[in-house]
Every structure is written in C-alpha cells, then in structure tokens.
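To start, the structure under review is shown below, and the notes come after it.
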Protein chains: 2
Amino acid sequence: MAKPSAPSRERIVAGAADMISRRGLNGTSIRDLAKHAEAPLGSTYHYFPEGKQQLATEAVQYADAAVARVLRKELDAGPVAGLHAFLALWRGIVLASDFRAGCPVLAVAVEEPPADETPPALVATAEAFDRWEQLLAEALREHGAAPDQAPGLATLIVASVEGAIAMCRAKRTMEPLDQVARQLEALILGALDGPA
Amino acid sequence: MAKPSAPSRERIVAGAADMISRRGLNGTSIRDLAKHAEAPLGSTYHYFPEGKQQLATEAVQYADAAVARVLRKELDAGPVAGLHAFLALWRGIVLASDFRAGCPVLAVAVEEPPADETPPALVATAEAFDRWEQLLAEALREHGAAPDQAPGLATLIVASVEGAIAMCRAKRTMEPLDQVARQLEALILGALDGPA
DNA sequence: CTCCGGTTATAACGAGTGTTATAGACGGTT
DNA sequence: AACCGTCTATAACACTCGTTATAACCGGAG
C-alpha cells in the first residue's frame, strides 16, 4: 500500500543527487529540483516531509548505493578491475557533464553543520566513504594483499579519486584522474605479492 | 596612495577564505562575511566592486598563496619534509575547527558555473592546484626522483590530501588524513632512489 | 576654515529561499 | 453512486540573498 506507485520519488532523489553534484547542496533549490525532475513542488514535501535535509540524505545514500553496486560487481574480478570500474564511473560522469558534475557525496561533505548537531546528510556521507573503503579493502585482502595494508590503501584510493575528480572540474581536464589512475593501479599490483 | 590603509581589506579576504572553507561558497553570505570580519557591508563592495565573484576569487588566491608559501619554505628540506608541512597545515585547520573547516579551494572548485563562461574563481582554483603540484614535483625531481614520475606523484599527493580532508570532516576523525600521510611518505621515499 | 577623497551607514530593490496551508484532482474500492 | 487516501496545484509566509543608491562621516591638504 505504499510501494506500488512511486516512480517520481526515485526520479526526485536521482535528480537531487545529480543536481547536488553540479551546484553543491546550498546551490540546489527545491524548486529547481522539482522542475528538473518534472515533479510538482508539492510532491517534494509529500515524499520528503522533513524537507531538504531528508532529500540531501537520500540523495547521498542513492549515490552511495549506486557506487557500491558497481564496486561489488566488478571487484569480484580483482581489485584492479574494481578500481577501473570505479574510475570509469566517475570519468563518465565528469566527461558527460563537460566537467560540470562531480561527486555528490563530496559536495555534501564539504558544507558544514551550522549547529552543533551532526546533520543526517553528513552522516550519510561518512557511511558512503566507509562503505567504499571497506569494499575495496576486502577485495584487496581476498586477492593477496597484506591484511594490515589493505585498509590504508583503500583509503588512499577513495581519497585520491575524490580529490582528483574535483581537480578535473577545476582544470577542465581529465589529467588528474588519469594520473591518479596510473599510480593507483601500480600501487595495487605492488601490494598483491610484495611480502609473500 | 592606495596601500597605506587597508588592514580591513585583508581581514575580509582572510575571513572569506575561512568562511568558505566551512560553509562552502553558496553558504557564505556577504552580510555574514562582513559581520565576521568586523567590517561594514558597504566596505565589502567598496573594496570588491565586482561583488561576490571577486571576493571568492581573491579568497582562493589568498589560500593558494598561504599554502604555496609553506610549501616553498619547507620543501627545501626535501619532499618528505614538505609533505609533512602540507599535512600539518591541513591537520591544524581541521582539528582547530573541530572538523568544521576544510580546504576553501576544494570548496569553490565543487560549485558549478551556472553559465557557459568559466568564472574567475574556478580559474583560481585550477591555478592553486597547479601551483601546489608544480612545487611538489619540482622538489621531487631535485631530490632524485625520476623526472617522468614526479608530476604524477605530485598530483596524487594533492588529490589524496584534498580528498582525505573532506573525508575527515565527514567521519569526524583524523584517520583518513593520517592513513594517507603514511602511504604518501612511503611512496615518496620509494621514488627517490628506486631505479637508480 | 574649507574642501575632498576614501570610507561607512542606512535603506531599499527585486529575486529567490525553505516551508506551510489549503483546496482541488485523480483513481480505485465499496 | 459515494467515499477515501494518494498525489498535485496555487498561494502565501517570513525570510535571506546579492546588489545598488544615496547620504553622511572623517581625517588630512590647501
């Protein structure tokens, strides 16, 4: 009684993730969001009664899930394959938007809580980063990396890719991401059989 | 006739950089900015006639110069020392703000140009990233790194540190930056005498 | 003193913000 | 047919935004 009809709800969330990845959280208004998702303004508050905060949270979780799905699928073929899928995903987003879109999770993570209470959207960004790191670390361990080095390498991968995406947007070039890609691939290969 | 009196102008720019690093560009209003810098609103438009765009640009350039100054000074003692200074700088900012402030350059780089023209503030972010990378690459080369590997490593350093700062804010932990620090130090050390 | 340029104070403009309220439309069940 | 819960349309509220205009200050030069 609550699931059968809701195609527009997901459209709104997906549109929010896309819009936030372009203009940032504060730069994304609910009116524009509704217009862009071809949904009426009223529906936004019908589906997301807690307003923008809830919308931002779900947008982050949406992006998180999409990335995690790709990672889970491609990491089976090894960490290098997973890395390539991770990179290709962001590469496609940046390139298809002509350097106007980036990572919505990073965008939300970069705007502070005005109050002392940690807003749920920020919590969602932390969970997203954690999930990606954990997936990568697990795959690294399963393919022969030293268990005590896997988490650190996974963190480096996520951090450098996120940073590189932003740098690509600034420079309007794919060079940062491509450079980072080369380094990370070599690093992973080196970690899979070093001390053994 | 234009330089003797302008202590408040720099206060405004510095305050803008700080505020942008916390709330993002769109989250920073000129009114709050003036209040936080203890300068009247009118002065903001007196010193920065082109408005917020100019203010954002100069804030980015201000942060750029501050970071470049530290890098130039500490890189003389070698790339590892420079890396440590780079990391310590951001560590101090994140920690002193209780995870509320990050990198203002990244914050600006993450909000899109609504029009087709590339805004000057975005150009400034690209220049900042470029400068930091170039300083690091130069130091790497001068201390024995292979000339064709130095730029890539420098890019990886900047990207991963920027990404890690954002992740620290999200998780409210220093772990990402510390993990990245360890990896980067090892990488630099390995690049200084590997193939020779 | 007057004058004057660099600075500031006050007010207002129009547009946009998140959000709420209220009433209407739609579609399937009884 | 009447009913009902889900969704939507419209309007409004109380702001805040960036920006502009205008008038006043205020300290040194003439």
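- Taking atom NE2 of residue A:H46 and atom P of nucleotide D:dG5, one finds them 13 Å apart after rounding to whole Å.
- Smallest separation of non-hydrogen atoms from A:I12 and A:L33: O-CD1, 4.1 Å.
- Taking each heavy atom of A:R141 and A:P151 in turn, the nearest pair found is NH1-CG, 4.2 Å.
- Between B:I188 and B:P79 the shortest heavy-atom distance is CG2-CB, 3.8 Å.
- Distance CG/A:N26 to OG1/B:T28: 8.5 Å, rounded to 0.5 Å.
- Rounded to whole Å, the distance from CG on B:L55 to P on D:dC17 is 14 Å.
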Practice problem: Go along nucleotides 17-25 of chain C 5' to 3' and tag each nucleotide: B for a protein heavy atom under 4.0 Å from its base, S when only backbone or sugar atoms are that close, - otherwise. | Solution: BBBB-----
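- Regarding B:R9, its CZ atom lies at a distance of 17 Å from the C1' atom of C:dT8, rounded to whole Å.
- To the nearest 0.5 Å, atom OH of residue B:Y45 and atom CD1 of residue B:I30 are 3.5 Å apart.
- Closest of all the heavy-atom pairs between A:A170 and B:A109 is CB-CB, 4.2 Å.
- We find that CG of B:L33 is positioned 17 Å from P of D:dT16, with the value rounded to whole Å.
- For the side chain to side chain contact (heavy atoms under 4.5 Å, CB included) criterion with B:L135, the lone passing option out of B:L140, B:V67, B:L75, B:D130 is B:L75.
- For DNA chain C, no neighbouring residue in residues 12-19 of chain B is found when judged by any heavy atom under 4.0 Å.
- A:R169 CZ to A:S97 OG: the interatomic distance, rounded to the nearest 0.5 Å, is 7.0 Å.
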